[in-house]
4 protein chains.
Amino acid sequence: MAVTDRGPSGERVRKAAVKLFAAKGFHGTGIRDLATEAELSSASLYHYMGTKEQLLAGIMTECLGHLLTGARLAVAGVADPRERLGRLVVVHVIAHAVRPEETQVVDNEVRALSPETRRGVVELRDAYELLWAETIDEGVRAGAFHPGEPAVTRLALLEMCSGVARWYSPRGALSLEQLAGHYAELAMRALGCADSGPGPDLARCRAVVTRVWGAPDEVPSTGH
Amino acid sequence: MAVTDRGPSGERVRKAAVKLFAAKGFHGTGIRDLATEAELSSASLYHYMGTKEQLLAGIMTECLGHLLTGARLAVAGVADPRERLGRLVVVHVIAHAVRPEETQVVDNEVRALSPETRRGVVELRDAYELLWAETIDEGVRAGAFHPGEPAVTRLALLEMCSGVARWYSPRGALSLEQLAGHYAELAMRALGCADSGPGPDLARCRAVVTRVWGAPDEVPSTGH
Amino acid sequence: MAVTDRGPSGERVRKAAVKLFAAKGFHGTGIRDLATEAELSSASLYHYMGTKEQLLAGIMTECLGHLLTGARLAVAGVADPRERLGRLVVVHVIAHAVRPEETQVVDNEVRALSPETRRGVVELRDAYELLWAETIDEGVRAGAFHPGEPAVTRLALLEMCSGVARWYSPRGALSLEQLAGHYAELAMRALGCADSGPGPDLARCRAVVTRVWGAPDEVPSTGH
Amino acid sequence: MAVTDRGPSGERVRKAAVKLFAAKGFHGTGIRDLATEAELSSASLYHYMGTKEQLLAGIMTECLGHLLTGARLAVAGVADPRERLGRLVVVHVIAHAVRPEETQVVDNEVRALSPETRRGVVELRDAYELLWAETIDEGVRAGAFHPGEPAVTRLALLEMCSGVARWYSPRGALSLEQLAGHYAELAMRALGCADSGPGPDLARCRAVVTRVWGAPDEVPSTGH
DNA sequence: TATGAATGAGATTTCATTCAT
DNA sequence: AATGAATGAAATCTCATTCAT
């Protein structure tokens, strides 16, 4: 009965919710929209989700959990702040590029949660952003980064990278690796990093995202 | 009866809508919420707004109009692409910092518009972004900018600058001018602009924003 | 908007609720039943009642308030416990006979209230029953009553008198005064009151009930 | 599949229904409530009950059957109307005291039955009340009772005695026998019976109730 | 200018029930 | 014997909107 259930129908419910919440927003998506998309009656929906809000919370928690796990895996054992931050950027960008719906829901719908539910989600998000903040601080202390305002720069970078979810298309000119590499370069420039070195290990980051999220759903041939 | 009406009550309706649409989203805001916030009955609301959607469209059109006017005023007569782009960034950032509610509504609620209404709004937004695109192209042609991917960089910069509306507080450590100057610097770095020169004319840009939007409402002493 | 509002439609809503809650119970009465009975759309119902539960609570509070006021008026200034208790019985019986619907709702639907709402209703009911308990105690102390078990006898009498609401019909053989007088006599017998005296002032009690509740609605010619 | 089935689970269903129908009413009790209380899935419930209404009807029929059987057993062979009525009162009171849930369901939920189902239940109830009516009439004819209004007195006594189910607790001050004896005395007083004699055979009545209903469930140590 | 009254349509959620397994 | 999956119908309540005053 919980949102984490995974029968064939439960999976359809989750996918329908991710798609519609991303496209129309939580409040813009009705139960009947979900039911139609999931090919179930609206009453049957309630076997798989608790309430609509619990469904949203489940999606957000899972997505943030994946993001956090991915980021930690990607930087595990990496000491150089430039490589660490580069990997954070790359994982973030790739995740937002291959999972634009989940990540947009996380970015846009926090306000739709009730205060109690929101608390847990915000804690996860804060834990994730803390990884960025710590890494930037380390880079500053190590003399690698020279941002004017570390906190402002962190926020600016996060917004910039998250924005990818809103426009990136795998059918566009850029491959995922090119995109992520470009953003890593932008980040280094923003941090005033003169010698950004060879750039983060793109392949490893890509593998981490795939490990955490599973293979992306087959890319639909139209739309986006 | 039109959305452009401006009596004392009509103004309250507009402000209520901006505040609530920004805070809870268009679909998350009910007519009664608006009525309560505007201190009118919900029936009275309909003297000032047409439908709820027309109210939203009016807010977006006005805000985008201001943004467009401000940007054009700021760069009028400026030839140097670096100074032009710097001013675009500064106006954008200041506008998003002093009018976070209107600008967030513009950024988040386009999808809530019906297709017909959306067309006009999207045209305005495209016209605005065209200013950025043209300026970046000029800079590239002039050898001032060296972005890896001009289009990607433009999108990245816009997302980054718009994000300011989500977190900037006038009670924080940064003044508007510091903030805007910092973002202009980030933009130059992102564009690979080696010699960014003295930076854009912050005072002039600030004045333009004020001219276009009027003085910001007195900053409330608490909250955000 | 509150349940105490009294426009022509609001009055209809209240009457519909009293009738249907009495006949079918709170949970057995749907919003649409209420709307049909009140000759309004179900949406319009919500102009007059808050929620269905608030409507119920309003009915109960008003009825208990009337009962309490009536009882206090009837015994005001009366010293003799026999006359006092007789009047309590008579007022109770007449009230249950002329307002069988309200009183049955009070007697049967307390459990349908949420805990918070229930508290206030139960307090009123306890205040009312306290009048009976005090009067019986006084009579015992004065040597007028000789009940085996005062508390049990009080409960037994209350149940007995409240039962009137379930079966009394003004078209039956007994007039209100006969009925009430009979119950007063039963009560005296139950309390082991050898000399019950002339019996309580029936006319005064009848007048009190009328004063408190207003004239009973014209007795419908059929049904009950 | 029928309501009379009695496996271990079927018994749990019946008990759950009695408990919940008494506590929350028929319409206030959902199938899922029943399932939870009976520790079965809601689908499994349907192996033991027919429909929810048949479950209710079964409970009422059984309870009324027990009541009727008990009353007949108790008065079998007793000629004196005072002893007969005393026993009717005592059996009724004891039954309502030891089976408060079943008896409350019978008293409160008749209206929840469909007309067809209701007919049979009402017939049983009428047969039961006829025992009281006949006995009172006999007593009047024999000059033992002097009620003002026999029919009214009968109703008043029944309401009074049934009320026991709403408040009696085996953990209170009164034993079952004391309680029942007290009510028998109240009844004699109400009927104007000057010489009520030694009182009804309490032990025999208690035994009859136990025979008919089986031993009451072990009294839980808390609650009620 | 302003609003109380009113509503059809629709919101989310629960209802009692069935059925394949 | 037991249940997870499923659903049409209905529950309560809110929606945006209109209109007479």
Side-chain angles (χ1 to χ4, degrees), chain A residues 1 5 7-10 13 26-35 38-55, chain B residues 1 5 7-10 13 26-35 38-55, chain C residues 1 5 7-10 13 26-35 38-55, chain D residues 1 5 7-10 13 26-35 38-55:
Chain A
M1 185 191 296
D5 280 5
S9 294
V13 171
F26 178 74
H27 290 302
T29 302
I31 289 289
R32 293 160 122 152
D33 298 324
L34 288 171
E39 294 175 293
L40 265 75
S41 75
S42 59
S44 298
L45 236 51
Y46 285 83
H47 272 280
Y48 300 101
M49 59 177 218
T51 63
K52 197 183 151 196
E53 189 190 351
Q54 287 166 357
L55 178 59
Chain B
M1 184 191 298
D5 279 4
S9 293
V13 171
F26 178 74
H27 289 302
T29 302
I31 289 287
R32 287 165 152 164
D33 297 325
L34 288 171
E39 294 176 293
L40 267 80
S41 74
S42 59
S44 297
L45 236 51
Y46 284 84
H47 277 277
Y48 299 100
M49 59 176 219
T51 64
K52 194 183 154 196
E53 190 190 354
Q54 286 166 359
L55 178 60
Chain C
M1 186 192 293
D5 279 4
S9 294
V13 171
F26 178 75
H27 290 302
T29 302
I31 289 288
R32 294 160 121 151
D33 298 323
L34 286 171
E39 295 175 293
L40 264 75
S41 75
S42 59
S44 298
L45 234 51
Y46 285 84
H47 272 281
Y48 300 100
M49 59 176 218
T51 62
K52 195 184 150 195
E53 191 191 351
Q54 286 166 357
L55 179 59
Chain D
M1 184 192 298
D5 278 6
S9 294
V13 171
F26 178 74
H27 290 302
T29 302
I31 288 288
R32 287 165 151 159
D33 298 323
L34 287 172
E39 295 175 292
L40 266 76
S41 75
S42 59
S44 298
L45 237 50
Y46 283 83
H47 277 278
Y48 299 100
M49 61 175 217
T51 64
K52 194 183 156 197
E53 190 190 353
Q54 286 165 357
L55 178 60

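- Summarising the geometry of Ser41(C) relative to Ala35(C), their closest heavy-atom pair is C-CB, 3.9 Å, with the distance given to 0.1 Å.
- Nearest-nucleotide assignment on DNA chain F puts the 5′-proximal partner with Ser9(D), out of Glu39(A) and Ser9(D).
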Exercise. Please walk me through it: do Leu55(A) and Lys52(A) pass side chain to side chain contact (heavy atoms under 4.5 Å, CB included)?
Worked result: CA-CA 5 Å; Leu55(A) 178 59; Lys52(A) 197 183 151 196; 5.5 Å; no
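- Remark: Thr29(A) engages Leu20(A), Phe21(A), Lys24(A), Asp33(A), Leu34(A) in a side-chain contact (heavy atoms from CB on, under 4.5 Å) (not counting sequence neighbours).
- Look at CG on Leu34(C): it is 15 Å from C1' on dA10(F), rounded to the nearest Å.
- When rounded to the nearest whole Å, the span between CD of Gln54(A) and C1' of dT12(E) equals 13 Å.
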Problem set entry | Intra- and interstrand pairs of DNA chain F - dot-bracket, Watson-Crick/G-U under 3.5 Å, | marks other strand | .||||||||||||||||||||
For this session: Scan nucleotides 13-21 of chain E nucleotide by nucleotide, 5' to 3', and note B when protein non-hydrogen atoms come under 4.0 Å of the base, S if they reach only the sugar-phosphate, - if neither.
Result: BB-SBBB--
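- A search for side chain to side chain donor-acceptor pair (under 3.5 Å) contacts involving Glu53(B) returns Ser114(B), Thr117(B), not counting sequence neighbours.
- For Ser9(B), the side-chain contact (heavy atoms from CB on, under 4.5 Å) partners two or more places apart in sequence, or in a different chain, are Arg12(B), Leu40(B), Tyr48(B).
- Between Ile31(D) and Leu45(D), the shortest heavy-atom distance links the atoms O-CD2, 3.6 Å.
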